[in-house]
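Below: one structure, written as structure tokens.
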Amino acid sequence: MASEKRTVGSAETPLLGSRCSLLAVPPRDHIDQFSGLPPSEGAILREQVQTPEVKTSFFSAYRYATPKDKLLVVVAVCLAATEGSIKAIMPILFGVFAENFATYIQSRDFYDYYGGYSNFITYNETFFNATTYNTTDYDSKLYFESPYYDSTYNYTMVPEYISPEDFQRQASYNAIYFIYFAVAEFVTAYLFTFIFIDRGEILAARIRQNYLASIMKQNIAYFDKLGTGEITTRISSDTVMIQDGISEKLGYLVSFCSTFVGSFIVSFALSPRLAGLLSCVAIFIVGSFYFASTRMTSLYGQALNGSSAGGSIIEEILSSIRNVQAFGIQDRISSKYDYYLGVSQKYALRAGFYAGSITGIAWLGLYLDDALAFWQGPMFLVRGEVSILVLVTILNTMVQGLFAITSITPLVRAVAAAASAVNKIYTTIDRASAIDSSSTSGRILSSVDGHIEFQDIKFIYPSRPDVIVMQDFNLQIKAGTTVALVGASGSGKSTIVGLIERFYKPVRGRVLVDGVDVNDLNVKWLRQQVALVSQEPILFAGTVFDNVSYGLIGTSYEFVSEFEKRALVEEACRQANAKVFIDTLPKGLDTHVGERGFLLSGGQKQRVAIARAIVSNPKILLLDEATSALDTKSEGIVQDALDKASKNRTTIVVAHRLSTVKDADMIIVMKRGVILEKGNHDELIAMRGEYYGLVRAQDVEHELELHLENAELIEGTEVDSVEEMLDEKAAIGAYEREYQFEEEAGSSSDGDKETSQLLLSRTKTAKSISSVIASNIVDPEEKKYSIADIAKFLFELSWPERNLNLIALMFTVIMAAEFPYLTTVYSGSVDALGELSDEERMNSRLLKYNITYLIMGAIGLICPIMAVGVFSYSGQRLVRRIRMSTLRQIVRQDISFFDRTENTAGALTSAISKDSGAIEGLSGSTLGQILSSIIMIFGGIGVALGVSVKLAAVSSPCLPLLLCTGFYRFYLLAKHEERVKIAYGRSSSYACEAASSIKIVASLTRENEVMSTYGSALDGLYRAGRRQNSASAAIYGTSQALVCMTQSLMFWYGSTLVRTDSYSVYMVFVAITCVVYGSQNGSIVFSYALDMAKAYNAAGSIKRLFEKEPLIDSWSDDGVLPQDVQGNIEFKNVHFRYPTRLQVPVLRGLNLSVKKGQYVALVGASGCGKSTTIGLIERFYNPLSGQILLDGQDIATLNINAYRSHIALVQQEPTLYSGTVRENVKYGSMDPDISDEKMIDVCKQANIHDFIMSLPDGYDTLCGAKGSLFSGGQKQRIAIARALIRDPKILLLDEATSALDNASEKIVQTALDNAAKGRTTIAIAHRLSTIQKADIIYVFEHGRILESGTHQALLANKMKYYELVKLQALEKT
């Protein structure tokens, strides 16, 4: 298999090698970046980005609890404490049975010596009636001094006679108490478990909602440094940790601690002196626990920081997967993630050893307690201060309490992790936003005219405090006018938009709306008066109707009927020229657009975004490159719609295409935050200044004007209608005819087979090739795995850690094996107390046992530390490898994998974090506890069968019953967890989508709607799982009750065996101790059923992913290595439909040819298949039919990596990654060690070098998450440099200059023209001025080539291309 040919970096030799070490420099947050600024300015910037630390505790998790929640939690704590107290009280019954056994054995042995009770009476009467009797001569003088002597009885030397029937009757009576305890255990265990799970889900959901609410209200500067991946990790992984720590595990912890405390209360009640002596061990344990748990909490918090920061790296990779695969940088960029995994592993490993020390100290305390009790206890017994009942009860109570403490390590770990997660989450929740969109403060004006004024503005981006964007900037925009902002990239045009929307604060000066400082206005109200269309169109997962109707939020139309709302949406879509293409979609307005609108082309997304902006008829309209993604025809029509929409409102247009702003009332020419010129188009042209130069840079050559004049383009001639120019009605008709044939062919009934066959034969030729192929494509069913499959998979996955696991397992076996042996030592110690009459012999036996306890204590201290510590080390390495392997496996998948709705960037980021976290939750101390308990169970059964086979044989079947209840609980939780995972994946994806598009969310004031939708999803999840939680809690209660029932059975049957002289007390106590404590271990194992269920589902998801081999496999070494690539590209009758939309044809028999070294341009309406063609050349997808050839070879037969190494891609929406400019440019090279000279050379070609050198850190300047610290034009130029450094044979430009200003565009276009020499270049362009020198221009329409030729030839044809040029021509000046 191809997948076996790849190797995954191990934990010993991380993927982050010496070469990559520069890639992952941890952030330098400790440096005050604002220290060089005046204090007032530094304070404003600091306020926008800094997040002060908050002090939290575990109890902060209950901040959002209502009085009802608090009452229920208190009730649950009381019930858990009661359940734990029952366990502490039960040893009293153990002591009662021990005393009954000892008394009966003494009575039986004494009377058996005389041949029975009746014979003894006869002998006694004769003996005491004898006249010669003298007590001073009696040989049994010692008997009178023994505890059996009682002067009040006539027969002072005789123990009370207990008949076998009385003994059995008393045993049966006492055994019934265990039944009572069983009922109490079931009720309390069920109730507290259910309440804790139920409230845990509710409170965790509220924390999630408040965290997202806090994220939604944060100012935009906060997101410039915080990646959305970290938000996803926090909301999906950290909140799960909090839920884990406040749910049933907290109940178990309370129960175990209650058992521990209760055991001392019972002990002090029975014998304060002996209990006080033993309590010194408890003080030692509690002190050690406090120190270890505090350190563990701190270390887990540091580990969380690493994994959360790494989440942003994942989200960056997955949200730009096309770019990652095109450049083949999967491994290089993933190595950054490995750095943060290393940080997380380091701290989690240390925490694991502290967790092991908690268990080790507990076991040491257990053995020390036993040794101390059996050393001092007999002295109390001889002095008559305690009875056997009291001594044995205290011993068993102490054992029960300390045994409970040995089991709490994983629970303490869960609570500690929750406390750390609470701090991280609440740090964000408690952050006071510098510009709080949720605030109700601020003025709300009765009406808005739209007069805007900038007074003495000085602006600095908080993320780049060394760069002054604006200085002493002044501008007035009159109400109802249209003002255009033009100038070079980075001149401050988009900054003006951000200041009006109050995305940022100026460090000096004021922004006024109708004479009122925007700082004095209510933020949400202000944004509801403003509509924004951003440079990069962003849509949200949902339907087209949903996306457009978001523009009505905050208006009087927000809550009107759907009929009225739909009418408004349809009218807005018509005005934005979106209605025609929407009607061709399968469900029209109700068609889902996918995450971020990926199912629509760039132009289609932009038109929907424009419709969203104008649907509310806003007073202020902000158009930040609103038509940049549109083709020329659409741009002209949409621009006409925008011109109409601009009437009677204030409109601010940021534009690079000057054809879109020539009708503006005022044009502002900016450079580096300063206004150079202002006036209308004619005035500025007449000035022949900066604007005139920009116009000439973008003007179509003079020959074009001559063609237009010859074509009699005279003033007053009307352009074609919308429908005629786009000719999309023809597309609708063709689509409907084809779709109708498919519908008819698929709608025939089974009962009319002959007619069906006739219909199929008749329509067969009418169906397109792609529709026939698409109809045979069926999604494979999701694989299901058994427990054995998952166990085998995890075993294979952890094979590199086999030696570590064997070492840890060895220590675990030693630690667990001590327990069965302890039962024999303990039973021997209890049996030795029966020799109280021979004090010397008793002390001799107990001394041997006490030495054994001390030796076992030393072993018990070392083994858990080593076992849990090594398991933690092994587990952390495994988890690190799983995370890296999962990420690598995900980025290996072909692009169709990412088009599926369930595989959004947010969902996959959440899955990597959550799935690996679930497996991590089952490693370390939890795995050690589970293995230890299993060994104790079967080891105890083995010892019991060896010592007392009858009693063990009768009671041992209770353990399989206990295990069955545990497995059934595991099954229920696994099913529930599977459903929860899907639901949480969707909600996490939704939250991630909202956070990554925060500017649009804030502009639309969608915060409340986002919160409402997210809250509804969580509420539905909670309600769906409540019955499952109840069943799970009931099964847990049953398992606890079974432990009591098992003890009842064993003591009753053990009494029977003792009564019939079959067994000694020692044999009975060994069997009871082994089986009873074994059953308790069984119940402890399945208290981790939820962890096991989570790990089972997580492992299944990971296994399913690992087994998924993509059709286009970047790991594969198969395929022909292309030799001497020339760059000839040919499409032969290519049909294509996107795998997620097989019902919609995209390419319908495309044929085109590109010769070596040619510069070919693809033009046409949005959605006609241009970007799809680029994607097929990159081999992101395979065509349904037809061939794509490179130098005459089908690219499907070529090795994918070797093939892509000859191609470079510059996309429509530029993608940069967190890291330095140097790293981002060098990502384009196949050689990561390419020289800086080459890098500088390509940056000069892309016209970005001078700008980079103007930055304080030059090429070492950080780009921010997704390049957020640069403007769109700056990002695009860096992306072009990244493509040029590859020195490709084929250069693909998907609107490569769309984000550039006019001056930069001409320079970069010249560079691209030079770069195209000697290589094949295929460019998609809406700006026809950039492609008029192309060797061939292909005009697309409805997935086919409508016409092709040179610029001049196509103009002469006077067809579609002629119309496009005509629409884009500037006025002659």
State, yes or no, whether a side-chain contact exists between Ile207 and Tyr426 at a heavy-atom distance under 4.5 Å. yes

Does a sphere of radius 6.0 Å around NZ in Lys619 hold more than 12 heavy atoms from other residues, nucleotides or ligands, not counting ones at 6.0 Å or beyond? no

Hey, which of Tyr222, Phe223, Phe459 is the one that makes ring pair (Phe, Tyr, Trp, His ring centres under 6.0 Å) with Tyr504? Phe459

For a 4.5 angstrom cut-off between non-hydrogen side-chain atoms, does Lys217 reach Met1011? no

Which heavy atom in Leu1216 sits nearest to a heavy atom in Lys1275, and how many Å separate them? CD1-CG, 3.7 Å

Approximate separation, where rounding is to 0.5 Å, of Ile620 CD1 and Ile652 CD1: 7.0 Å

Hey, could you give me the CG/CD1 distance between Asn323 and Ile317, rounded to the nearest 0.5 Å? 11.5 Å

With a 4.0 Å cut-off, would you call Glu571 and Arg574 a salt bridge? yes

Rounded to the nearest 0.5 Å, what's the gap from OG on Ser1003 to OH on Tyr550? Could you check? 14.5 Å

Can you check whether Arg883 reaches Asp915 side chain to side chain, under 4.5 Å on heavy atoms? no

Roughly how far, to the nearest 0.5 Å, is CG of Leu622 from CD1 of Ile452? 7.0 Å

Calculate, to the nearest 0.5 Å, the distance between atoms OG1 and CG belonging to Thr1013 and Asp546 respectively. 9.0 Å

Looking at side-chain heavy atoms only, is the closest gap between Phe540 and Arg612 below 4.5 Å? yes

Do Thr543 and Leu589 come close enough that some side-chain heavy atom pair is under 4.5 Å? no

So, Glu316 side chain and Ser1218 main chain: donor-acceptor pair closer than 3.5 Å or not? yes

Taking the side chain as C-beta and beyond, is there a heavy-atom pair between Asp590 and Arg566 under 4.5 Å? yes

Chi angles and distances behind the side chain to side chain contact (heavy atoms under 4.5 Å, CB included) call for Met216, Ile998: CA-CA 7 Å; Met216 289 294 100; Ile998 188 63; 3.8 Å; yes

Ser433, Ser439, Ser438 screened by side-chain hydrogen bond (donor to acceptor under 3.5 Å, both in side chains) with Asp436, the one that passes: Ser438

Of all heavy-atom pairs linking Gly200 and Ser247, the shortest is CA-OG, 3.5 Å

Intermediate values then yes/no, side chain to side chain contact (heavy atoms under 4.5 Å, CB included), Ile610 and Gln575: CA-CA 9 Å; Ile610 291 169; Gln575 291 182 25; over 6 Å; no

Salt bridge (charged side-chain N to carboxylate O under 4.0 Å, His left out) involving Asp430 - partner list, sequence neighbours excluded: Arg63

Side-chain donor or acceptor of Lys565 paired with backbone N/O of Glu558 under 3.5 Å: yes

Qualifying residue for side-chain contact (heavy atoms from CB on, under 4.5 Å) with Val422, from Thr427, Ile242, Val54: Ile242

I would like to know whether Arg208 and Val240 meet side chain to side chain contact (heavy atoms under 4.5 Å, CB included); could you show each step before the answer? CA-CA 9 Å; Arg208 288 186 178 98; Val240 169; 3.6 Å; yes

If the threshold is 4.0 Å, N to carboxylate O, is there a salt bridge linking Lys505 and Asp517? no

Kindly indicate whether the side chain of Leu1018, heavy atoms from C-beta on, has any atom under 4.5 Å from the side chain of Arg206. no

Distance alone, cut at 3.5 Å: any donor-acceptor contact between the side chains of Tyr461 and Thr495? yes

Within the 3.5 Å criterion, strictly below it, is a donor on Gln218 or Ser214 matched to an acceptor on the partner's side chain? yes

Output yes when a side-chain donor or acceptor of Arg527 lies under 3.5 Å from a complementary backbone atom of Thr1005, and no otherwise. no

Residue set satisfying salt bridge (charged side-chain N to carboxylate O under 4.0 Å, His left out) with Asp514, at least two apart, ordered chain then number -> none

State, without any angle test, whether Ser320 and Tyr1217 hold a side-chain donor-acceptor pair at a distance under 3.5 Å. yes

Testing Arg502, Gln48, Glu47, Arg431 one by one against Asn219 for a side-chain hydrogen bond (donor to acceptor under 3.5 Å, both in side chains), which residue passes? Arg431

Where do Ala418 and Gly245 come nearest, in terms of heavy atoms and distance? CB-CA, 3.7 Å

Determine whether Val518 and Leu526 make a side-chain contact, defined as any pair of heavy atoms from C-beta on separated by less than 4.5 Å. yes

At their closest point, which heavy atom of Leu445 faces which heavy atom of Val516, and how far apart are they? CD2-CG2, 4.2 Å

Counting neighbours of OH on Tyr557 that are heavy atoms of other residues, nucleotides or ligands and sit closer than 6.0 Å, is the number greater than 12? no

Does Arg199 pair with Asp69 as a salt bridge, N-O distance under 4.0 Å? yes

Atom pair CD1 (Ile197) and CZ (Arg1026), whose distance is rounded to the nearest 0.5 Å: 12.0 Å

As a quick check of understanding, evaluate side chain to side chain contact (heavy atoms under 4.5 Å, CB included) for Tyr340 and Ile314, giving each step before the final call. CA-CA 11 Å; Tyr340 290 104; Ile314 299 176; over 6 Å; no

Which heavy atom of Ile246 sits nearest to which heavy atom of Ala61, and what is that distance? CG2-CB, 3.8 Å

Between Gln528 and Gly554, the two heavy atoms sitting closest are NE2-CA, 3.4 Å

Quick one: does Asn522's side chain have a donor or acceptor within less than 3.5 Å of a partner on Ser441's backbone? yes

Sidechain-backbone polar pair: Ser1012 side chain, Asn1008 backbone, donor-acceptor under 3.5 Å: no

